[in-house]
Amino acid sequence: MAACRRDHLDDQLPVWFMRQAGRSLPEYRKVRQGVTMLASCAQPDLVTEITLQPVRRYGVDAAILYSDIMVPLKAIDVDLDIVAGTGPVIAHPVRSVGDLAQLRDLEPSDVGYVTEAVQNLVAELGDRPLIGFAGAPFTLASYLVEGGPSKDYAKTKSLMVSEPALWDGLCSRLADIAALFLTIQVQAGARAVQLFDSWAGSLSAADYISYVQPYSARVLDQIGALGVPRIHFGVGTSELLPAMGAAGADVVGVDWRVPLAEASRRIGPSHAVQGNLDPALLTAPWPVLAERVRTVIRSGALAPGHIFNLGHGVPPGTDPEVLARIVDLVHGEGPTLRRQARAAAGVG
Ligand code: CP3
């Protein structure tokens with residue numbers, strides 16, 4: 001929490017992992033047997049158990065709610081599924097103004113199971129914060145318009161630049177749904193939120209600023225009033241980092257493509273950073289990987305606040321033992337490496 005607020009404690013470097021709960025954990029695969037992804041997200045006891053699994057195993061400094069960016073859309077009865085190995089699939093993609101009728105307002109009673117799970121979790125977690133999350137309008141829109149995962153987002157981008165009224169209608173609704181979904185989590189006890197705009201990096205900075213940033217800002221502004229730190233993350237966002245920070249985040253999540261010191265220089269001194277170990281390197285031999293972890297820590301030390309994470313989610317095939325070693329390294333060596341790097345650079 002201190003790192004989020006750029007009030008970095010000298011003797012601590014916090015760490016958690018995006019997708020820390022999930023298929024890399026045998027205990028997750030066990031409890032998910034016979035339950036679909038979306039069904040599991042609607043069972044508070046299962047959500048609580050799965051969210052806590054990586055906390056128990058790794059001693060990470062935060063839990064992230066086990067849910068999905070598609071959960072609030074499912075909750076307002078959008079006909080969708082999450083297909084294992086593929087991702088979200090939408091039965092009736094949004095291609096015209098008429099298709100927007102699928103997107104009614106989200107009501108707290110649509111996701112009572114989320115409130116219940118968050119309340120259970122907060123009671124179990126004690127001092128350790130729970131991070132709530134939502135998908136940002138562009139990333140949600142990409143699934144709704146494409147009908148599923150995409151490599152080039154051609155339908156989404158084409159609609160975005162050619163049908164301003166439809167794009168505005170779609171993203172305004174998605175912004176309000178995301179903001180309410182986050183508000184529900186914070187009111188139930190989540191102490192920070194992360195807005196995932198995972199696929200925003202497919203856009204040019206100019207298009208991001210014209211067509212996407214206003215809607216993410218609308219979400220983040222609404223959350224600002226709740227007083228919890230807001231983390232804003234996307235993949236491939238090297239050119240978008242300043243605009244993502246300016247959308248209203250306290251912390252910008254950075255993928256592995258830009259060193260954190262350079263990312264922080266781009267984002268500016270009023271934001272902390274989160275990241276940014278390349279998840280592909282989790283399969284490298286430990287001495288090589290450990291050196292990469294240290295490099296991330298030294299670079300992050302030059303930002304006004306750093307939360308160690310991967311540059312994207314934990315890949316399903318990851319050996320949990322490797323993540324455990326990373327947590328131990330970040331906690332054990334992190335504070336010293338940070339101090340040394342800051343002293344060498346003449347900061348702080
Ligand atoms: O980080 C965590 O541990 C919390 C849980 C979490 C999930 N999804 C659980 C999940 C979070 C934060 C998400 C967010 C999410 N979902 C994003 C943004 C984050 C990112 O990775 O960029 C996106 C794009 C989605 C959409 C989605 N849901 C995808 C692409 C997939 C993977 C499909 C596959 O099988 O490869 C999902 C499914 C999903 N969400 C799983 C988990 C644990 C795997 C489902 C399973 O176990 O069957």
Side-chain angles (χ1 to χ4, degrees), residues 15-42 46-58 60 62-74 78 80-90 114 117-118 121 130-144 146-151 153 156 174 178 181-182 185 190 192-202 216 231-237 253-256 274-276 279 307 309-318 320 323:
V15 50
W16 68 279
F17 303 113
M18 292 183 276
R19 294 269 176 95
Q20 61 191 16
R23 281 170 292 185
S24 57
L25 293 180
E27 57 270 36
Y28 169 80
R29 295 195 298 266
K30 190 164 169 232
V31 296
R32 270 289 317 279
Q33 268 172 29
V35 191
T36 66
M37 169 74 202
L38 286 169
S40 69
C41 293
L46 210 41
V47 171
T48 304
E49 166 58 22
I50 293 172
T51 301
L52 292 174
Q53 285 176 347
V55 177
R56 287 187 204 117
R57 191 186 259 265
Y58 304 128
V60 280
I64 180 157
L65 181 71
Y66 174 74
S67 185
D68 196 84
I69 58 169
M70 305 310 285
V71 162
L73 300 180
K74 182 75 180 174
V78 175
L80 68 91
D81 198 6
I82 296 181
V83 179
T86 301
V89 176
I90 313 292
V114 171
V118 171
L121 279 162
L130 177 72
I131 303 171
F133 74 93
F138 175 78
T139 291
L140 291 175
S142 80
Y143 286 111
L144 287 172
E146 303 292 334
S150 169
K151 284 199 164 50
Y153 309 97
T156 311
L174 293 172
F181 191 53
L182 292 173
Q185 295 171 67
V193 295
Q194 177 153 328
L195 188 65
F196 280 96
D197 210 352
S198 299
W199 315 136
S202 66
S216 295
I231 310 168
H232 194 186
F233 168 79
V235 184
T237 57
V254 182
D255 80 358
W256 58 90
Q274 176 176 279
N276 77 346
I307 300 160
N309 205 313
L310 305 179
H312 198 185
V314 175
T318 303
L323 296 179

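Every number for a ligand or one of its atoms is a count from 1 in the order of the listing. Values below: all heavy atoms of this structure, side chains included; hydrogens, waters and symmetry mates excluded.
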(request) Quick one: look up the protein heavy atom nearest atom 31 (C) of ligand 1 and list residue, atom name and how far away it is. (result) Arg19 NH2, 3.6 Å

(request) Return the residue, atom name and 0.1 Å-rounded distance of the protein heavy atom closest to atom 38 (C) of ligand 1. (result) Ile82 CG2, 3.5 Å

(message) Ignoring hydrogens, what is the shortest heavy-atom contact between Pro72 and Ile69? Give both atom names and the distance.
(response) CD-O, 3.5 Å

(request) Please write down residue, atom name and distance for the protein heavy atom closest to atom 46 (C) of ligand 1. (result) Arg32 NH1, 3.1 Å

(message) Return the OH to CD1 distance between Tyr66 and Ile50, rounded to the nearest 0.5 Å.
(response) 4.5 Å

(message) Looking only at protein heavy atoms, which one is nearest to atom 8 (N) of ligand 1, and what is the separation?
(response) Asp68 OD1, 3.1 Å

(request) Can you pull out the closest protein heavy atom to atom 20 (C) of ligand 1? Residue, atom name and distance to 0.1 Å, please. (result) His312 NE2, 3.1 Å

(request) Only heavy atoms count here, so choose which of Pro316, Gly85, Ser142 is nearest to atom 35 (O) of ligand 1. (result) Gly85

(request) Apply ring pair (Phe, Tyr, Trp, His ring centres under 6.0 Å) to the pair Phe196 and His232, showing each step before the final yes or no. (result) CA-CA 6 Å; Phe196 280 96; His232 194 186; over 10 Å; no

(request) Using non-hydrogen atoms of the residue, decide whether Leu65 is closer than 4.0 angstrom to ligand 1. (result) yes

(request) Identify whether the distance between the nearest side-chain nitrogen and carboxylate oxygen of Glu146 and Lys151 falls below 4.0 Å. (result) no

(message) My understanding is that we take every heavy atom of each candidate and find the minimum distance to atom 33 (C) of ligand 1. Doing that for Gly87, Gly135, Ala136, which one comes out nearest?
(response) Gly87

(request) Specify the protein heavy atom at minimum distance from atom 10 (C) of ligand 1: its residue, its atom name, and the distance to 0.1 Å. (result) Met37 CE, 3.3 Å

(message) Side chains of Leu80 and Leu38, heavy atoms from C-beta outward: is any pair under 4.5 Å?
(response) yes

(request) Of all the heavy-atom pairs spanning Tyr28 and Met37, show the shortest one and how long it is. (result) OH-SD, 4.2 Å

(message) When you measure from the heavy atoms of Ser67 to every atom of ligand 1, does any distance fall below 4.0 Å?
(response) yes

(request) Run down the list Ala63, Ala84, Gly22, Ala21 and name the one with the heavy atom closest to atom 3 (O) of ligand 1. (result) Ala21

(request) Determine whether Leu46 and Val35 make a side-chain contact, defined as any pair of heavy atoms from C-beta on separated by less than 4.5 Å. (result) yes

(request) Using non-hydrogen atoms of the residue, decide whether Pro88 is closer than 4.0 angstrom to ligand 1. (result) yes

(request) Could you tell me whether the side chain of Ile64 reaches within less than 4.5 Å of the side chain of Phe133, counting heavy atoms only? (result) yes

(request) If you have a sec, work out which protein heavy atom is nearest atom 43 (C) of ligand 1 and how many Å separate them, to one decimal? (result) Tyr28 OH, 3.6 Å

(message) Distance check, rounded to the nearest 0.5 Å: Arg19 atom CZ versus Asn309 atom CG?
(response) 12.5 Å

(message) Using heavy-atom distances only, which candidate in Ser198, Gly132, Pro149, Cys41 approaches atom 18 (C) of ligand 1 most closely?
(response) Ser198

(request) Using a strict cut-off of 4.0 Å, indicate which atoms of ligand 1 neighbour a heavy atom of Ile64. (result) 1 (O), 2 (C), 3 (O), 4 (C)

(request) Could you list the atoms of ligand 1 found under 4.0 angstrom from a heavy atom of Gln20? (result) 1 (O), 2 (C), 3 (O)

(request) Before accepting this row, confirm whether a basic side-chain N of the pair Arg57/Glu27 lies closer than 4.0 Å to the acidic partner's carboxylate O. (result) yes

(request) With side-chain contact (heavy atoms from CB on, under 4.5 Å) as the test, would you mind laying out the steps for Val47 and Ser40 before giving the verdict? (result) CA-CA 7 Å; Val47 171; Ser40 69; over 6 Å; no

(message) Please list the nearest protein heavy atom to atom 44 (C) of ligand 1 with its residue and the distance rounded to 0.1 Å.
(response) Arg23 NH2, 3.6 Å

(request) For Met18, counting its heavy atoms only, list the atoms of ligand 1 lying under 4.0 Å from any of them. (result) 1 (O)

